[in-house]
Student: 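Could you have a look at this structure, given as structure tokens, before my questions?
For reference, positions follow the sequence shown, starting with 1. Numbering of ligands and ligand atoms starts at 1, following listing order.
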Amino acid sequence: MIDSHCHLTDDRYDADAVIGAFDRDGLEAVVTVGYDTASSVAAVRLAEKHGRVFASVGVHPSELSHESDFDGITRLLSHPKVVAYGEIGLDYHWNEPDREVQKKKFIEQLEIASASRLPVIIHSRECDGDMFPILKRYAPKLGGGVVMHCFSSSAEIAAEYVKLGFYISFAGTVTFRNAKKGDAVRAVPDELLLAETDCPYLAPMPHRGETNYPAYVRYTIEKLAEERGTTFDIVEKITENNAKRLFFKMKGGEK
Ligand code: NI
């Protein structure tokens with residue numbers, strides 16, 4: 001299995017122990033994702049230490065207030081273990097930072113990402129009306145690929161992103177009893193489907209409310225298989241191949 005989006009630099013982990021259990025857990029590789037400059041640097045350091053950990057760097061919309069500029073992030077982009085730019089995006093669940101500020105900083109980071117040619121990992125929460133037109137406009141410039149991470153919108157919106165060739169990544173939230181995500185899960189073709197945990201957040205059933213771990217990507221894959229009327233093994237293979245093609249295509253290092 002590959003967990004295409006986790007936060008292994010979070011304080012609540014003994015990261016070396018979690019990574020040490022990858023063989024037991026059946027994890028082939030993970031992408032650990034930064035959300036500000038410090039966590040992006042930490043993600044790169046962790047990826048330097050462990051062959052099967054890769055890093056993504058960027059500033060999350062809720063962390064913008066701590067950032068004066070993106071120079072620190074930009075300097076990390078040429079690192080051989082950095083496989084994506086993000087997570088970046090818009091989050092309208094909270095009123096801070098101001099939406100106009102979020103949009104401005106999002107576009108600034110899309111510009112950096114497009115120059116890098118790396119895939120971009122998008123955080124999109126309760127903002128479809130603003131997010132879609134921005135991404136539609138930028139799609140031709142984002143040649144490295146785009147991931148809609150922890151996808152939580154409708155099947156109709158999934159289909160619009162699929163038309164743009166974007167990857168749709170599902171997290172443990174698809175396992176929640178009230179999720180009703182089946183239509184969105186089925187709107188994504190095999191070649192654009194990814195699975196992730198977003199750990200330590202959003203632990204799937206039957207661990208809801210606990211700390212989440214990369215190994216729990218198993219529950220997301222299981223649910224995706226159920227909704228798509230196929231087997232665990234098939235969805236495991238599909239999501240692994242997609243993650244490898246998208247993130248690991250040009251990068252060295254042990255897989
Ligand atoms: Ni995340």
Student: Could you list the residues that satisfy side chain to side chain contact (heavy atoms under 4.5 Å, CB included) with Ala21, not counting sequence neighbours?
Tutor: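 Per chain and number, Ala21 pairs via side chain to side chain contact (heavy atoms under 4.5 Å, CB included) with Arg24, Asp25.
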
Student: Using only heavy-atom distances, determine whether the side chains of Asn242 and Thr239 contain a donor-acceptor pair under 3.5 Å.
Tutor: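 No, no side-chain donor-acceptor pair sits under 3.5 Å.
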
Student: Tell me whether the centres of the aromatic rings in Tyr219 and His207 are closer together than 6.0 Å.
Tutor: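 Ring centroids of Tyr219 and His207 are less than 6.0 Å from each other.
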
Student: Listed by chain and number, what are the side chain to side chain contact (heavy atoms under 4.5 Å, CB included) partners of Pro140, not counting sequence neighbours?
Tutor: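 Pro140: no side chain to side chain contact (heavy atoms under 4.5 Å, CB included) contacts found.
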
Student: Determine whether the side chains of Asp16 and His50 contain a donor N or O and an acceptor N or O closer than 3.5 Å.
Tutor: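 Side chains of Asp16 and His50: pair found under 3.5 Å.
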
Student: For Lys163, check side-chain hydrogen bond (donor to acceptor under 3.5 Å, both in side chains) against everything at least two apart and list the hits.
Tutor: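 Lys163: side-chain hydrogen bond (donor to acceptor under 3.5 Å, both in side chains) contacts with Glu160.
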
Student: Report the protein N/O/S neighbours of the Ni ion (ligand 1) that fall below 2.8 Å; do not count waters.
Tutor: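 Protein N, O or S atoms closer than 2.8 Å to the Ni ion (ligand 1): His5 NE2, His7 NE2, Glu87 OE2, Asp198 OD1.
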
